[in-house]
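What follows is one structure encoded as structure tokens, with my remarks underneath.
These numbers come from the heavy atoms of this one structure, side chains and all, not from hydrogens, waters or symmetry mates. Order of appearance sets the numbers: ligands from 1, and atoms from 1 within every ligand.
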Amino acid sequence: MKLLFMGPPGAGKGSQAAKVVEHFKIPSISTGEMFRNSYQRGEELGIEAMRFIENGNLVSDEITNKIVKERLSREDIECCFLLDGYPRTVQQAEALDIMLKDMGTKLSAVVNIVASNDVLFERMENRRVCRKCGTTYHLIYKPSSKLNVCDKCDGELYQRLDDTHDSVKRRLEIYESKTKPLLDYYQKKGILHNVNGMQSFDEVFKDVLKVIGE
Ligand code: ADP
Ligand code: ADP
Ligand code: ZN
């Protein structure tokens, strides 16, 4: 089981990835989360990456491919993994193909979560994330039981620096120009599955399980 979750920012990739990870006990690799964690730890890589992220731009292919390559070299991903938010450019997709080929493997399915721009704006502007464990909440659809406190670890919830209106707008433009062309790339390989992301968390999850054949 080697999965890739795609979709515009805010579609629900991270939320569904978390469910799949819990269900199948497979490791997930989220480049966005890796960058945010590195920034929180005060590392140079994270600080450099956040300069791009904050304004809604993509981090360079070079840096992004490098951290994924390092992550994929660890043993825990041998049988299965879930990539969330990587690749986001054709250059990254080609780099990933080479990494997987070198490992003697390939992707089993690409899940593309689809949602309209209105829904995406609404989701990102109300998204809150735990500073400590990264769990994602939504002020209306997935509120924490105590305001601004994580249900899982008591960590503080914050609004991501890139979830402002302007940054969201920019990310959606970049998604259209740089990431959407990848759908064609995976369609041609015959492994692309579209899922309607504009349903409840559980309904989307049911559809995800269906398309990955479980
Ligand atoms: P992505 O990783 O694609 O950017 P997230 O999983 O972080 O998306 O979801 C974006 C926001 O929308 C979060 O606040 C999340 O709680 C909320 N959300 C995700 N899926 C749904 C859904 N099916 N229904 C309602 N809200 C959702
Ligand atoms: P979302 O799907 O809500 O945009 P992510 O956590 O996947 O959230 O990504 C947050 C930001 O991190 C992106 O807007 C981008 O700046 C950076 N990032 C994440 N993954 C990549 C990638 N594969 N290539 C370049 N930049 C990335
Ligand atoms: Zn937490």
Side-chain angles (χ1 to χ4, degrees), residues 4-20 28-39 46 48-68 71 82-93 95-96 111-115 119-144 146 148-164 167-168 170-175 178-179 182 195-208:
L4 166 53
F5 275 31
M6 286 189 61
K13 300 180 295 296
S15 302
Q16 294 301 325
K19 282 177 170 289
V20 170
S28 91
I29 304 173
S30 158
T31 38
E33 204 172 301
M34 285 160 88
F35 290 134
R36 280 190 293 280
N37 290 342
S38 171
Y39 175 76
E48 172 68 20
M50 194 51 75
R51 275 203 272 275
F52 295 93
I53 296 173
E54 207 174 343
N55 299 313
N57 291 310
L58 292 180
V59 179
S60 75
D61 288 336
E62 197 192 345
I63 295 181
T64 311
N65 289 333
K66 189 165 164 260
I67 62 161
V68 172
R71 181 64 187 86
L82 188 166
L83 283 166
D84 162 18
Y86 176 93
R88 265 173 148 104
T89 65
V90 171
Q91 208 272 345
Q92 291 179 12
L96 175 65
V111 178
N112 178 40
I113 305 182
V114 184
V119 169
L120 299 174
F121 266 103
E122 203 268 306
R123 285 192 180 169
M124 281 185 271
E125 288 178 347
N126 292 298
R127 170 160 55 191
R128 294 293 181 273
V129 180
C130 175
R131 230 182 250 293
K132 235 159 95 186
C133 72
T135 299
T136 297
Y137 295 85
H138 185 284
L139 290 180
I140 302 157
Y141 307 125
K142 196 192 170 214
S144 55
K146 257 192 277 169
N148 291 330
V149 180
C150 178
D151 291 343
K152 288 197 181 148
C153 78
D154 277 343
E156 180 204 2
L157 306 187
Y158 78 109
Q159 181 166 29
R160 274 170 46 177
L161 292 173
D162 57 343
D163 277 347
T164 59
S167 181
V168 166
R170 173 101 188 111
R171 280 150 73 205
L172 290 173
E173 285 165 8
I174 291 184
Y175 171 77
K178 298 260 175 77
T179 309
L182 282 185
V195 166
N196 175 10
M198 294 182 287
Q199 315 178 74
S200 71
F201 286 95
D202 288 342
E203 282 164 342
V204 179
F205 186 53
K206 239 188 242 161
D207 286 353
V208 167

Within a distance under 2.8 Å of the Zn ion (ligand 3), the protein atoms of type N, O or S are Cys130 SG, Cys133 SG, Cys150 SG, Cys153 SG
[X] versus ligand 1: do any nitrogen or oxygen atoms come within less than 3.5 Å of each other?
| X | value |
| --- | --- |
| Tyr141 | no |
| Val204 | no |
| Ala11 | yes |
| Asn126 | no |

Between Glu203 and Asn196, is the side chain to side chain donor-acceptor pair (under 3.5 Å) condition met? List the steps.
CA-CA 9 Å; Glu203 282 164 342; Asn196 175 10; over 6 Å; no
One finds that the ligand 2 atoms under 4.0 Å from a non-hydrogen atom of Tyr86 are 23 (N)
Which residue and atom name correspond to the protein heavy atom nearest [atom], and how close is it?
| atom | result |
| --- | --- |
| atom 24 (N) of ligand 2 | Gln92 NE2, 2.9 Å |
| atom 13 (C) of ligand 1 | Thr136 CG2, 3.6 Å |
| atom 10 (C) of ligand 2 | Arg160 NH2, 3.4 Å |
| atom 27 (C) of ligand 1 | Phe201 CZ, 3.2 Å |
| atom 7 (O) of ligand 1 | Arg127 NH1, 2.6 Å |
| atom 16 (O) of ligand 1 | His138 CB, 3.4 Å |
| atom 8 (O) of ligand 1 | Gly12 N, 3.1 Å |
| atom 2 (O) of ligand 1 | Gly14 N, 2.8 Å |

With a cut-off of 4.0 Å, which atoms of ligand 1 are near a heavy atom of [X]?
| X | result |
| --- | --- |
| Tyr137 | 13 (C), 14 (O), 16 (O) |
| Ser200 | 23 (N) |
| Ser15 | 5 (P), 6 (O), 9 (O), 15 (C), 19 (C) |

Can you confirm whether the side chains of Asn57 and Arg170 place a donor and an acceptor under 3.5 Å from each other? yes
Note: heavy atom closest to atom 22 (C) of ligand 1, options Met6, Arg171, Arg123, belongs to Arg123
Heavy-atom proximity to atom 4 (O) of ligand 2 ranks first, among Lys13, Met124, Arg88, for Arg88
May I ask you to check if ligand 2 and [X] share an N or O to N or O distance below 3.5 Å?
| X | result |
| --- | --- |
| Val59 | yes |
| Glu33 | no |
| Asn57 | yes |
| Phe35 | no |

Would Gln199 count as a contact residue for ligand 1, given that I'm defining contact as a non-hydrogen atom of the residue lying under 4.0 Å from a ligand atom?
yes
Look at ligand 1 and say whether Gly7 reaches it with a heavy atom at a distance under 4.0 Å.
no
[X], portion touching ligand 2 at heavy-atom distance under 4.0 Å:
| X | value |
| --- | --- |
| Met50 | neither |
| Asp162 | side chain |
| Thr64 | side chain |

